[in-house]
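Here is the structure we will look at, set down as structure tokens.
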Amino acid sequence: MIVSIAEDLILAWFPTAPSVTRVSRALLRAGGQPLHPPYAMFADATLDDPSSGIVLLARRSAETDELSLVENGVEHLAAPSDASSTLSELARRLSPSARANVLLELLTTVPAHFRENSQALSNAIGQLLDASGIAKPAVAGAYAIGDAETLVRLVPPTGTAADGGYRITSDGVRRERGPVDDDGAEQHWILGSIVQGGSVPDRLVGFAGGGVWHIRLDAIRPKPAAALFGYLETLKPGSAMRFVRGLRRWDAAMERSAKVRALIEDCVIFFGGGTRNAEGRSVKPFAYGIEAADPIPGGGVLVRGWLFDPHDRLDRIEAVDATDARFPLPRLWPTLHQDASERWKRAGLPVPERAGFVAFVDGGVPGPWGVDIVLKSGARIATSVPPADPDPRRARDAILTALPASAEIDGALTEAIAPAVERLHAEHMSRYPVDARSRPLIRIGQPPLNPRASVVIPLYRNLNFLGFQQAAFARDTAFADVEIVYVLDSPEQVGFLEGLLRGEHLIYGLPVTVVVHPVNLGFAAAANSGARVARGRDLVLMNSDVVPETSGWLEPLLAALDRPGVGAAAPQLLYFDDSLQFAGMYFERDADGCWFNRHIAKGYPRTYPPANKPREVPALTGACLSIRRQLYERMGGFDEAFVIGDFEDSEFSLRLRDAGLSCWYEPSAALYHVERQSIEQHAAHGKSVATMVNRWRQQRLWDEAIGMLMADAGNRWGLPPTLMPEIERLT
């Protein structure tokens, strides 16, 4: 049988050829004339089954329509095949070992000696493979590693692990180096571009000993490189390290692109067993943690986490929304993170001041977010992200408590934290309409029919000073026609508060009205809810930890509102040691260029003469403030966009000034203020960034106006230096 396998190549089979010791001694004839090289013969010396005969590979010539083999005077004929004879038919007649040898010659001898490497040769090899029933390895995975290179995981048939292989494509045959590692259970091959839909199937053929296998590469759909990292993470450390060592050996022997080299470097860093620190302990050279990916109302996500990346392998971090749309985080703003700093310390490396990060990106669709780490190589790692809290208040508070307060207003706050917190806060507030939160739920006693003033007292958690306030109000005759309105901003205490107030009513007989918020809505909302319920002409907004020194303080505080141009007035506030806490508020730029609220003469003795002079001041505190109720309503009350509490009073003062009204300090009204007794009970405010968020909001709204107000402040306002600068920063 003579079969054409390429344009000028034939394969001849002599099925009756005897078993000979040296086929080279046989005489080959074409058309009765000696056959000239190049040719190759395969006989019993290389065949397991002598009955398979002898196979001849030769160049086609005019005389090769009929070939004969003469050995020991006996002639064996390979006659021309009929139209139905094919290479596949021939392959089925050969023994497995003979087929393997024929394949090897077609793959090696033909391109090297016959100068034939064409699509026809590829087709012939494919026919031989398909007809031979050769075992096919299982493909355990395939990963695109960049620049058209693919890493293929194979599970070879038993006993046929290959040290090398060949690619069969439309362009012919080429040598493949072989697997990158020596793991007997699996082999990892790195292959060049896989041809999809070509005129000749893209195949990989592997040899080892007498065995052979092949697979169709064009049936493989490689996964992205990130999946390779996921696979390596499932391996035992020893297996992963063997793979990495093999990958490095393979890389050292090949010329590869920078992108593939970068991926290999990432594999080495992640799975190469780590490095040793000065104490000899193993240190993983790259680590990360994504602690939260909080969806933000209106689109966007705030990502919090930490990085340990001394080799600078990170390219970017991407947030992935519910539609799989990807949003690169514009910048990772560094934040304090003790645990992450410890990693740098344990590695014996310089410890960064801020080893954590926070980042905000706008856009996307509502729903859960994922986070991908993208390395310099382009490899993508899908991280594990804790489930986000769907409640905007809890999500807001989690952000505020997770990020420690900073003395600076920097990009972490202005570009990430504050925008996210403000939108979560707005969503939280929108869920509780004004009408639903401004209804009095408890009335104790009979309130005055036409009160001249209403004292509004927000309550949150700390109720320890109510008895002192009630005692002071009860002995003051001015309270005979004053309405007292409490607004409870911690609704879980309503039962305890009602019992407490009913007990106080039995002692002092003061009627009170109580508004109970459905949830915690913050100081500004509590003050506004009380003002909506109030019926007096004048309002006095008072903290629950403010206690009058003596009777008679209310009259001068309300009388100050009769002064021409006065919008609101505040009394003198004292510490219990009779030092000054508040004698007016002013603004001072901090080192970061942002305005801080300061209290005039804070820490001075109450006898300090300027502090006992009624006068206009730049701004007032909300701890105790009087204002006409209609004016308060017209001004819109305190701005509820401020989170929990802080800066809503100074911002309100600035709005009064913008309306042409002044802020008045009235020292003839003196009260004690324990200071920050309630707000410090709020887990999301005490020692958190809530104050900084509010400070930044005021800065955005009023920076220029404050600058004009505080121009030539020494001469205009007569401001002495504060005696308590650290406390002043928090108030």
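Model, not experiment: these values are computed from the prediction.
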Open item on the list: Please determine whether side-chain contact (heavy atoms from CB on, under 4.5 Å) holds for the pair Ile417 and Phe360, giving the CA-CA distance in whole Å, both sets of side-chain angles, and the decisive distance to 0.1 Å.
Closed with: CA-CA 7 Å; Ile417 301 168; Phe360 173 69; over 6 Å; no

Open item on the list: So, applying side chain to side chain donor-acceptor pair (under 3.5 Å) with Arg502, which one of Glu504, Glu498, His505 is it?
Closed with: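 Among Glu504, Glu498, His505, the one meeting side chain to side chain donor-acceptor pair (under 3.5 Å) with Arg502 is Glu498.
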
Open item on the list: Apply salt bridge (Lys or Arg N to Asp or Glu O under 4.0 Å) to residues Glu427 and Arg423 and explain how you reach the verdict.
Closed with: CA-CA 6 Å; Glu427 175 67 16; Arg423 281 159 61 174; over 6 Å; no

Any side-chain donor-acceptor pair under 3.5 Å between [X] and [Y]?
X      : Y      : result
Tyr460 : Gln493 : no
His337 : Glu342 : no
Gln469 : Ser544 : no
Asn520 : Asp489 : yes

Separation of [Y] [atom2] from [X] [atom1] (nearest 0.5 Å):
X      : Y      : atom1 : atom2 : value
Asp646 : Phe523 : CG    : CZ    : 10.0 Å
Ile457 : Leu488 : CD1   : CG    : 12.5 Å
Met585 : Ile600 : CE    : CD1   : 9.5 Å
Leu557 : Met542 : CG    : CE    : 8.0 Å
Leu625 : Asp649 : CG    : CG    : 8.0 Å
Leu574 : Glu549 : CG    : CD    : 6.0 Å

Please determine whether a side-chain nitrogen of the Lys or Arg among [X] and [Y] lies less than 4.0 Å from a carboxylate oxygen of the Asp or Glu.
X      : Y      : answer
Asp391 : Arg396 : no
Arg535 : Glu483 : yes
Arg657 : Glu616 : yes
Arg354 : Asp410 : yes
Arg394 : Asp294 : no
Arg437 : Glu640 : yes
Asp562 : Arg628 : yes
Arg700 : Glu422 : yes

Open item on the list: Can you confirm whether Leu521 sits close enough to Met429 that some side-chain heavy atom of one is under 4.5 Å from a side-chain heavy atom of the other?
Closed with: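 Touching, per the 4.5 Å side-chain cut-off.
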
Open item on the list: Does the plane of the ring in His428 sit parallel, tilted or perpendicular to the ring in Tyr432? Use 30° and 60° as the thresholds.
Closed with: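 Rings of His428 and Tyr432: perpendicular, as their planes differ by over 60°.
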
Open item on the list: Below 30° counts as parallel, above 60° as perpendicular, anything between as tilted: where do the rings of Phe582 and Tyr665 land?
Closed with: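 Geometry flag for Tyr665 against Phe582: perpendicular rings.
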
- [ ] Output, in order, the C-alpha distance, side-chain angles, deciding distance and verdict of side chain to side chain donor-acceptor pair (under 3.5 Å) for Gln698 and Ser650.
- [x] CA-CA 8 Å; Gln698 177 175 271; Ser650 55; 2.4 Å; yes

Checking the side chain of [X] only, and the main-chain atoms of [Y] only, is there a donor and an acceptor separated by less than 3.5 Å?
X      : Y      : value
Ser438 : Val434 : yes
Arg431 : Pro392 : no
Arg695 : Cys594 : yes
Thr401 : Ala398 : yes
Ser341 : Val351 : no
Arg537 : Ala453 : no
Ser668 : Pro556 : no
Gln581 : His673 : yes
Asp476 : Ala472 : no

Open item on the list: Aromatic contact between Phe468 and Tyr672, with the criterion being ring centroids under 6.0 Å apart: yes or no?
Closed with: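 No, the ring centres sit 6.0 Å or more apart.
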
Open item on the list: Counting neighbours of CG on Asp577 that are heavy atoms of other residues, nucleotides or ligands and sit closer than 6.0 Å, is the number greater than 12?
Closed with: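 More than 12 heavy atoms, drawn from other residues, nucleotides or ligands, come within 6.0 Å of this atom.
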
Open item on the list: Heavy-atom count check: over 12 atoms from other residues, nucleotides or ligands less than 6.0 Å from Gln630 CD?
Closed with: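 No, CD of Gln630 has 12 or fewer neighbouring heavy atoms, counting only those of other groups under 6.0 Å.
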
Task: Worked check of side-chain contact (heavy atoms from CB on, under 4.5 Å) between Tyr486 and Ile442 - done: CA-CA 10 Å; Tyr486 290 108; Ile442 302 171; over 6 Å; no

Task: Criterion side chain to side chain donor-acceptor pair (under 3.5 Å) on Ser490 and Arg461, from CA distance to verdict - done: CA-CA 6 Å; Ser490 46; Arg461 296 284 174 86; 4.9 Å; no

- [ ] Dump the intermediate steps for side-chain contact (heavy atoms from CB on, under 4.5 Å) on Ile627 and Val540, then the final yes or no.
- [x] CA-CA 7 Å; Ile627 188 172; Val540 177; over 6 Å; no

TODO: Flag this pair as yes if the NZ/CZ of Arg697 is under 6.0 angstrom from the six-membered ring centre of Phe642 and inside a 45 degree cone about the axis; otherwise no.
DONE: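 That pair qualifies as a cation-pi contact.
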
Open item on the list: Ring of Phe587, cation from Arg598 - is the NZ or CZ under 6.0 Å from the centre and inside 45° of the axis?
Closed with: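 No, Arg598 does not sit over the ring of Phe587.
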
Open item on the list: Using the side-chain contact (heavy atoms from CB on, under 4.5 Å) definition, which of the options Val485, Val455, Val456, Leu558 pairs with Leu539?
Closed with: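 Answer to the side-chain contact (heavy atoms from CB on, under 4.5 Å) test with Leu539 among Val485, Val455, Val456, Leu558: Val456.
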
TODO: Apply the test side-chain contact (heavy atoms from CB on, under 4.5 Å) to residues Asp639 and Phe652: give CA-CA distance (whole Å), side-chain angles for both, the deciding distance (0.1 Å), then the verdict.
DONE: CA-CA 7 Å; Asp639 185 352; Phe652 184 75; over 6 Å; no

- [ ] Kindly indicate, with the supporting measurements, whether the criterion ring pair (Phe, Tyr, Trp, His ring centres under 6.0 Å) is fulfilled by Tyr632 and Phe638.
- [x] CA-CA 8 Å; Tyr632 188 81; Phe638 284 156; 5.8 Å; yes

Can I get a per-line list of side-chain donor-acceptor pairs under 3.5 Å for residues 702-711, giving both atom names and the distance, sequence neighbours left out?
unit_1, atom_1, unit_2, atom_2, d
Trp702, NE1, Glu651, OE2, 3.1
Asp703, OD1, Arg589, NH2, 3.2
Asp703, OD1, Trp595, NE1, 3.0
Asp703, OD1, Gln699, NE2, 3.4

